[in-house]
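One structure is given below, encoded as structure tokens.
Note: hydrogens, waters and symmetry copies are ignored here, and every other heavy atom, side chains too, is used.
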Amino acid sequence: MPNSKNKIAFLITSTGWGGLEMNTLKLVKLLSAKGYNVHLFTQEESTIYEKGKDIFSEIHLIKKNRKYFDFKTAKYISKILIKNKISRLLVADNKDLDVVAWCKKRYFKELKVVYQQHMQIGINKKDWLHTFRFKSIDVWVSPLPFLKREIAIRTHFPLNRVKVLPIGVNTKEFEFRKYTQDEAKELLNVHSDRPIIGIIGRISVKKGQLFVAQALQQLVQKGIQFNLLIFGSATVNTDDDKAYAEELVQFVHKNNLQDYVYFVESQPDVAKFYNAIDGFVLASHSETYGMVTIEAMLSGIPVLATDSGGTTEIVGNGEFGTLYKYNDMADFLPKLELLISRNQDILNKAEISRLDAFLQYNVEKEVEGFNEILQNL
């Protein structure tokens, strides 16, 4: 039976490049640095394949697995795992759980599966098919306690096999400011002495940039002067995102807010964004695990965020930031005005949140947690 303690494999068939894929590759790098020999099963057109060629010990290309009953792919994956004496498989995308379940059921019963959850369960998944898939998981890793509670409500999965382990951030990048605020503003072509409120992420209806721009308009009409920095881009091949981005730009021009709103396209060096702003807003409908909120906290930036999803827990139910009801302008406006004022209570809360984020979300804590899981399987 394969049982090499330093050999593991990841299965990720997603071709995108979002938080799930980025965080998975980050974890792979750190596990490799700890001495793990890491194989990857993925599609040739996946971004993780392109970016991970020099990181994975070996990459095995597969076609996008069928949604149900993909015995052919399951057999192929199992054959490669057995040949390479790999008995531990890590999965990050719930779309890949069906083929993994068949690997374990039909071809490799000794396989140990670790599933790192990145999305909320949402609806009840107590039917026979989901129960069958989940049964193949030996350790279910949830990044937040509220997600573990959701597992108890929405599934039949045994809670004694759930481990709460936050997805980590390289906190060393946040120990010191990379830029002064003036330097960051210059690099982003933001030329204003007003307070700057920032929102970061894909330009999309679900991210709520238009809602924040509408709030800006109302506060400017009241004589409250500040700037809004929108850092991000619409997904190129998504018509809905492009239409929303155009609507956002049109709103700014129609209401003569060009002097108040700065658009900066997404770029790798996000320190420019965090070092430029005075306050951070998360306006998303619901984030399972808002990495940008954690990054803002690590940067010592006061946070105003929607009271939904994992954000509520990350912000400590209001201990580490201010929460508001999603899309509720009456609730949002006074809290945004307070954020702009940067009074001492707001600044004190930001400093407490920074210290908590360094303790809770250090990537080394995540890696040690996974190392413990893998060595005990």
Side-chain angles (χ1 to χ4, degrees), residues 2 4-65 70 73-74 76-97 99-100 103 111-119 139 141 143 165-173 202 233 235-237 266-270 289 291-292 295 361-371 373-374 377:
S4 177
K5 283 289 187 181
N6 74 326
K7 295 182 79 172
I8 59 175
F10 279 78
L11 168 63
I12 180 165
T13 59
S14 164
T15 57
W17 189 241
L20 184 152
E21 296 82 10
M22 292 178 188
N23 284 313
T24 298
L25 193 59
K26 176 188 64 184
L27 179 60
V28 170
K29 290 178 182 178
L30 291 162
L31 288 172
S32 297
K34 284 192 75 70
Y36 282 91
N37 182 294
V38 188
H39 287 231
L40 171 69
F41 291 91
T42 193
Q43 298 186 84
E44 187 172 7
E45 59 269 33
S46 69
T47 309
I48 201 167
Y49 169 69
E50 290 300 321
K51 293 183 179 290
K53 285 180 178 178
D54 299 328
I55 299 167
F56 291 94
S57 302
E58 197 167 339
I59 297 176
H60 310 281
L61 297 177
I62 57 176
K63 293 181 179 180
K64 175 64 177 176
N65 46 270
D70 192 346
T73 302
Y76 174 77
I77 292 171
S78 300
K79 183 179 178 182
I80 295 293
L81 290 171
I82 294 168
K83 179 182 177 182
N84 286 278
K85 297 184 178 180
I86 300 170
S87 61
R88 290 160 299 164
L89 180 65
L90 293 92
V91 186
D93 191 340
N94 59 13
K95 296 182 179 68
D96 293 326
L97 286 175
V99 73
V100 170
C103 283
L111 181 64
K112 301 296 184 182
V113 177
V114 179
Y115 170 54
Q116 185 181 34
Q117 182 180 6
H118 285 261
M119 299 297 292
V139 181
V141 181
L165 184 61
I167 298 169
V169 177
N170 184 1
T171 54
K172 291 180 180 178
E173 295 179 358
R202 185 181 81 254
S233 308
T235 303
V236 176
N237 298 321
S266 180
Q267 51 187 275
D269 189 2
V270 294
Y289 192 86
M291 294 297 291
V292 292
E295 289 172 349
Y361 305 109
N362 189 322
V363 73
E364 293 300 329
K365 185 176 179 180
E366 179 189 10
V367 175
E368 286 304 323
F370 268 96
N371 181 55
I373 290 168
L374 292 167
L377 276 179

Nearest heavy-atom neighbours spanning [X] and [Y]:
X: Ala9; Y: Leu81; answer: CB-CD2, 3.8 Å
X: Cys103; Y: Ala74; answer: SG-O, 3.3 Å
X: Val38; Y: Phe10; answer: CG1-CD1, 3.5 Å

Mind checking the CD1-CG spacing from Ile62 to Asp96? Nearest 0.5 Å is all I need. 7.0 Å

Could you list all the salt bridge (Lys or Arg N to Asp or Glu O under 4.0 Å) pairs where at least one residue sits in residues 39-62, not counting sequence neighbours? Glu50-Lys53

Taking only residues two or more places apart in sequence, or in another chain, which ones meet [X] in a side chain to side chain donor-acceptor pair (under 3.5 Å)?
X: Thr47; value: none
X: Tyr36; value: Asn371, Gln375
X: Ser78; value: none
X: Asp93; value: none

Results of ring pair (Phe, Tyr, Trp, His ring centres under 6.0 Å) for Phe41 - residues two or more places apart only: His60

Residues two or more places apart in sequence or in another chain: which of them pass ring pair (Phe, Tyr, Trp, His ring centres under 6.0 Å) with Tyr115? Trp140

Just to verify, what does [X] make a side chain to side chain contact (heavy atoms under 4.5 Å, CB included) with, not counting sequence neighbours?
X: Asn170; result: Lys172, Glu173
X: Ser233; result: Glu265, Ser266
X: Asn37; result: Asn6, Lys7, His39, Ser57
X: Thr171; result: Leu298, Phe358, Asn362

Do Gln116 and Leu165 pass the side chain to side chain contact (heavy atoms under 4.5 Å, CB included) test, and can you show the C-alpha distance, the side-chain angles, and the key distance before you say yes or no? CA-CA 9 Å; Gln116 185 181 34; Leu165 184 61; over 6 Å; no

Give a yes or no answer on whether the side chain of Arg88 reaches the backbone of Leu374 with a donor-acceptor pair at less than 3.5 Å. yes

For Thr13, does its backbone N or O pair with a side-chain atom of Gln43 as donor and acceptor, under 3.5 Å? yes

With a 3.5 Å cut-off and sequence neighbours excluded, list the donor-acceptor pairs that the side chains of residues 18-34 form with protein atoms.
unit_1, atom_1, unit_2, atom_2, d
Glu21, OE1, Gly18, N, 2.7
Glu21, OE2, Ser14, OG, 2.5
Asn23, OD1, Lys26, NZ, 2.9
Asn23, ND2, Gly19, O, 2.9
Thr24, OG1, Leu20, O, 2.7
Lys26, NZ, Gly168, O, 2.2
Ser32, OG, Val28, O, 2.9
Lys34, NZ, Glu368, OE2, 2.9

Derivation of the side chain to side chain contact (heavy atoms under 4.5 Å, CB included) call for Lys63 and Thr73: CA-CA 8 Å; Lys63 293 181 179 180; Thr73 302; 5.8 Å; no

Contact between Val99 and Leu11 at the side-chain level, heavy atoms closer than 4.5 Å - yes or no? yes

